[in-house]
Amino acid sequence: MIEDKNQLRTPLSELGEFGLIDHLTNQFEIKHKSTVKGIGDDAAVLNIEEDRIVVTTDMLVEGVHFDLSYVPLKHLGYKAVVVNLSDVYAMNAAATQITVSIAVSNRFPLEALEELYSGIALASKIYNIDVIGGDTTSSTSGLLISVTAIGQVKPDDEVYRSGAKPNDLLVVTGDLGGAYMGLQILEREKEVFKVNPNNQPDLDAYTYIMERQLKPEARKDIVKLLKDLDVKPTAMIDVSDGLSSEILHICKASHVGCDLYEDKIPLDPQVISTCEEFDIDSTTVALNGGEDYELLMTISQEDFPKIKANPNLSVIGYITEESSGAHLVTRAETKIPLQAQGWKSFNN
Ligand code: ADP
Ligand code: MG
């Protein structure tokens with residue numbers, strides 16, 4: 001008989017704190033020689049040798065960053081890891097270790113945390129990272145998950161937001177706006193999910209964008225691609241809050257301006273058709289949607305021949321002097337100032 005995991009409810013109190021930690025973490029194997037000591041002592045121990053160490057943290061809070069009425073816990077675990085790895089890759093670094101901290105209310109049974117950790121384990125496997133520690137505590141309401149990612153980079157290979165120079169090309173990976181439109185679909189279907197969580201509505205026309213929202217991937221492949229192409233971006237950032245806001249971060253940190261060309265922004269056909277269905281402008285979605293976890297970078301003109309044939313990289317504009325400002329050049333060839341309308345958790 002196949003057991004339905006959702007039907008099993010083992011209260012967390014049955015295991016106790018240490019039993020719970022052990023139960024959730026005994027599946028993790030150490031893969032990197034830089035991990036000297038992983039889970040099981042007061043602290044993990046790393047031996048990174050001559051590389052530089054990159055550290056980043058992101059926290060996801062129920063009701064602020066995710067809604068469990070349509071986000072499966074396995075996907076949440078996966079996404080919590082991926083959003084952190086994305087920040088490591090945006091430094092042009094290799095991600096090697098993570099720690100995972102959770103605060104959880106007693107409305108969650110053990111089986112829910114097993115689902116969460118199966119997503120964490122899957123991401124760790126796919127991205128080849130060691131889970132080396134964390135913390136487990138109770139919460140009076142809801143679920144909170146905080147991941148810290150650690151990465152390595154050769155000295156001088158790291159790429160900051162601050163290195164963009166006038167005339168550099170503005171380049172983005174993949175396509176934009178999918179995660180936001182996926183969220184629109186999920187919000188629309190939320191009532192259906194709420195009434196019957198086991199009901200699977202027909203969402204075939206939206207599979208790509210829903211996956212972009214629920215199971216985003218971080219662009220580990222791009223760090224390798226850039227190395228293979230022998231291209232070191234002058235600046236780089238991951239697209240978590242929307243293209244517009246990320247471009248402005250680079251402009252501000254680098255003291256430059258930019259011209260972004262509307263007709264060059266890469267969009268998936270499913271984003272375009274769903275935008276039409278919702279009567280939303282696809283450029284607005286790409287600029288302000290966020291959560292795409294693509295990489296936005298600036299590249300010296302000299303490197304253009306190396307990247308121009310690559311289907312993963314789209315040139316979407318170029319860097320200008322700071323005094324010119326940051327603009328969107330529309331299809332009608334009018335210039336409008338770029339604005340940071342990125343998603344802000346404090347506006348909720
Ligand atoms: P301490 O009380 O010394 O902080 P804990 O009992 O909290 O230690 O943790 C024991 C071990 O389990 C440590 O290695 C810690 O990093 C790890 N750990 C605790 N909670 C988690 C978790 N949610 N995910 C992964 N590792 C965890
Ligand atoms: Mg602890």
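These numbers come from a predicted model, not from an experiment. Counting starts at 1 for both ligands and their atoms, following the listed order. Nothing fancy with the numbering, it's 1 onward along the sequence.
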Go through ligand 1 atom by atom and flag the ones less than 4.0 Å from a non-hydrogen atom of [X].
| X | value |
| --- | --- |
| G133 | 16 (O), 25 (C), 26 (N), 27 (C) |
| F18 | 6 (O) |
| T25 | 24 (N), 25 (C), 26 (N) |
| D42 | 3 (O) |

Could you tell me whether [X] approaches ligand 1 through its side chain, its backbone, both or neither, with non-hydrogen atoms closer than 4.0 Å?
| X | result |
| --- | --- |
| T136 | both |
| I39 | both |
| D41 | backbone |
| F28 | neither |

Output every pair passing salt bridge (Lys or Arg N to Asp or Glu O under 4.0 Å) with a member in residues 92-109, not counting sequence neighbours, ordered by first then second residue.
E62-R107
Just by distance, no angles: are the side chains of [X] and [Y] close enough, under 3.5 Å, to form a donor-acceptor pair?
| X | Y | answer |
| --- | --- | --- |
| E277 | Y206 | yes |
| Q97 | T35 | yes |
| E217 | Y78 | yes |
| T330 | E262 | no |

Check whether any N or O atom of [X], backbone or side chain, sits under 3.5 Å from an N or O atom of ligand 1, and answer yes or no.
| X | answer |
| --- | --- |
| G134 | yes |
| S101 | no |
| G40 | yes |

Interatomic spacing from CG in D135 to OG1 in T99 - rounded to 0.5 Å
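Interatomic distance, D135 CG to T99 OG1, rounded to 0.5 Å: 9.5 Å.
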Taking distance alone, no hydrogens or angles, what donor-acceptor pairs closer than 3.5 Å link side-chain atoms of residues 53-61 to residues at least two apart or in another chain?
{"residue": "T57", "atom": "OG1", "partner": "T148", "partner atom": "OG1", "Å": "2.9"}

From the candidates T137, D135, I145, the one that places a heavy atom nearest atom 7 (O) of ligand 1
D135
Side-chain donor or acceptor of K220 paired with backbone N/O of L85 under 3.5 Å:
no
